[in-house]
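Throughout, a chain's letter reflects where its sequence line sits, starting with A, and its residues are numbered from 1. All figures in this text were calculated on a predicted structure; none of them were measured in a lab.
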Amino acid sequence: MAQDTTIYDIAAKAGVSASTVSRVINNYPYVNKETRAKVLKIISENNYIQNESARSLVTQNSKMAGILIADVRTTHHTEGVYYVEHEFSKNGYCCLIYNTGTDPEDQAKYIQQLGQRKVEAVVLMGSVFQNVTVQNAIMVYLPNTPVAICNGYLDGPNIYGVTADEYGGVMKAVKLLAGKGRKHFVFITNPITPSNQAKIDGFNDGMKLYGEGCTSKVIEVKSGDIHDFEETTRNIMDEEPETDALFYSEDFLAIAGLHALHNTGIEVPRQVAVVGLNNSRYAEICNPSLTSIDNMLYDTSLIAVRNLLEVLRGGRVNHRMSIGAEVVERSST
DNA sequence: AACGTCGGCGTTAGGTACGC
DNA sequence: GCGTACCTAACGCCGACGTT
């Protein structure tokens, strides 16, 4: 079997020493052309592949990166994981992807595991990791490993945060709808993370700035269950039928809202305008298509990985980076 | 220049020595 | 005989160093 073939087997077959084989594999100099060709031929014939575990024993480079996400099934960061993994892979890294849940203690345990696995870099997907427990775990278990956090910040000499300006993005959306004459705004959010808090702040400050003569309120749906968002939407329209602008902290929640509105015969956007956040693919294909605030997931994911690779190369990187968020207007407004 | 030799990376299984 | 403590070899590979 190919995985049982070692450089010693190759060396024996080629009539050279193991270190000559190692030099060939790693493309090091001081190997005769013919010897190199012969070794490469035997490597190919035997389907030899390097044992990365043994290699990392010597080099202290695992060529592994860790990606932590609260739950790959539901959050929009799933798409971010795709970009992050792809970028790591392009650069020769194998990724360990863990579902941590939202409990900081559990998240810390996964940080410890990444330390045990000797990963060379870590990406935390989402502001759900922006907590002191995770920060301490990084200090203890990954003190010399560069860590990036997408859509959040954590203090630490080896931690690099990349965020989109969701605060500003929500403000822009409030301005847009206020400008269209909407008067009664509701912001519906799932459990409050630092990122969701920034969205809420943007909503409230946007209302102060652009919402003269308007009403506004924020509702937190603690369960995170999609049916509860449908129910909340129905309740709002029942109790306050004058509501004419609904904001949701994520696109898929907004789509749940659209579903509920459709089923109760409320017209979007004539009666109520609906705004989501993430600018996901679902925003394009739902009916009506959803106006959404683009928090630049692709860009933040890519910047996170590239920052880590730059640090690993010995370069310097800003510990905090922020890029603008834009409103992408579609039929729901 | 073109090789080979050997120590060591971190961990563990297996062996040996010792006291009870 | 049993439990404990310590030692050694082994895994696959790299890289410093030695030899021709």
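Between the side chains of Asn278(A) and Asn295(A), at least one donor-acceptor pair of N or O atoms lies under 3.5 Å. Side-chain atoms of Thr233(A) and Tyr248(A) form a donor-acceptor pair, as typed in the model, at a separation below 3.5 Å. Residues Glu166(A) and Ser195(A) bring a donor and an acceptor atom of their side chains to less than 3.5 Å of each other.
Along DNA chain B, the nucleotide closest to Val31(A) and the one closest to Gln60(A) are compared, and the more 5′ of them pairs with Val31(A). Each of Ala18(A) and Val58(A) has a nearest nucleotide on DNA chain B; the 5'-most of these lies closest to Ala18(A).
In this structure, Asp299(A) has no salt bridge (Lys or Arg N to Asp or Glu O under 4.0 Å) partners at least two apart in sequence or on a different chain.
Here Arg55(A) does not reach the OP1 or OP2 of dG12(C): none of its side-chain N or O atoms lies under 4.0 Å away. Here Tyr28(A) does not reach the OP1 or OP2 of dA16(C): none of its side-chain N or O atoms lies under 4.0 Å away.
Contact annotation for Val16(A): backbone-only contact, meaning every heavy-atom pair under 4.0 Å involves sugar-phosphate atoms and none involves a base. Using a 4.0 Å heavy-atom cutoff across all strands shown, Thr35(A) reaches sugar-phosphate atoms only and no base atom. At the heavy-atom level, Tyr8(A) lies under 4.0 Å from base atoms of the strands shown. The residue Ser19(A) sits close to a base: some heavy atom pair falls under 4.0 Å.
As a whole-Å value, the separation of Asn51(A) CG from dA10(C) P is 18 Å. Nucleotide dC13(C) holds its C1' atom 5 Å from the CD1 atom of Ile7(A), rounded to whole Å. One interatomic measurement links the two molecules: CG of Leu57(A) to C1' of dC13(C), which rounds to 8 Å at whole-angstrom precision. When rounded to the nearest whole Å, the span between CD1 of Ile49(A) and P of dC13(C) equals 10 Å. In this structure, CG of Asn27(A) is placed 13 Å from P of dG15(C), rounded to the nearest angstrom. Taking atom NZ of residue Lys63(A) and atom P of nucleotide dC14(C), one finds them 13 Å apart after rounding to whole Å.
Taking the 5' to 3' direction, DNA chain B first and last meets chain A under 4.0 angstrom from a heavy atom at dA1(B) to dG10(B).
At least one donor-acceptor pair closer than 3.5 Å links the side chain of Ser62(A) to the backbone N or O of Lys118(A). Ser249(A) contributes a side-chain N or O that, together with a main-chain N or O of Asn190(A), makes up a donor-acceptor pair within less than 3.5 Å.
Remark: aromatic rings of Phe247(A) and Phe203(A) are close, center separation under 6.0 Å.
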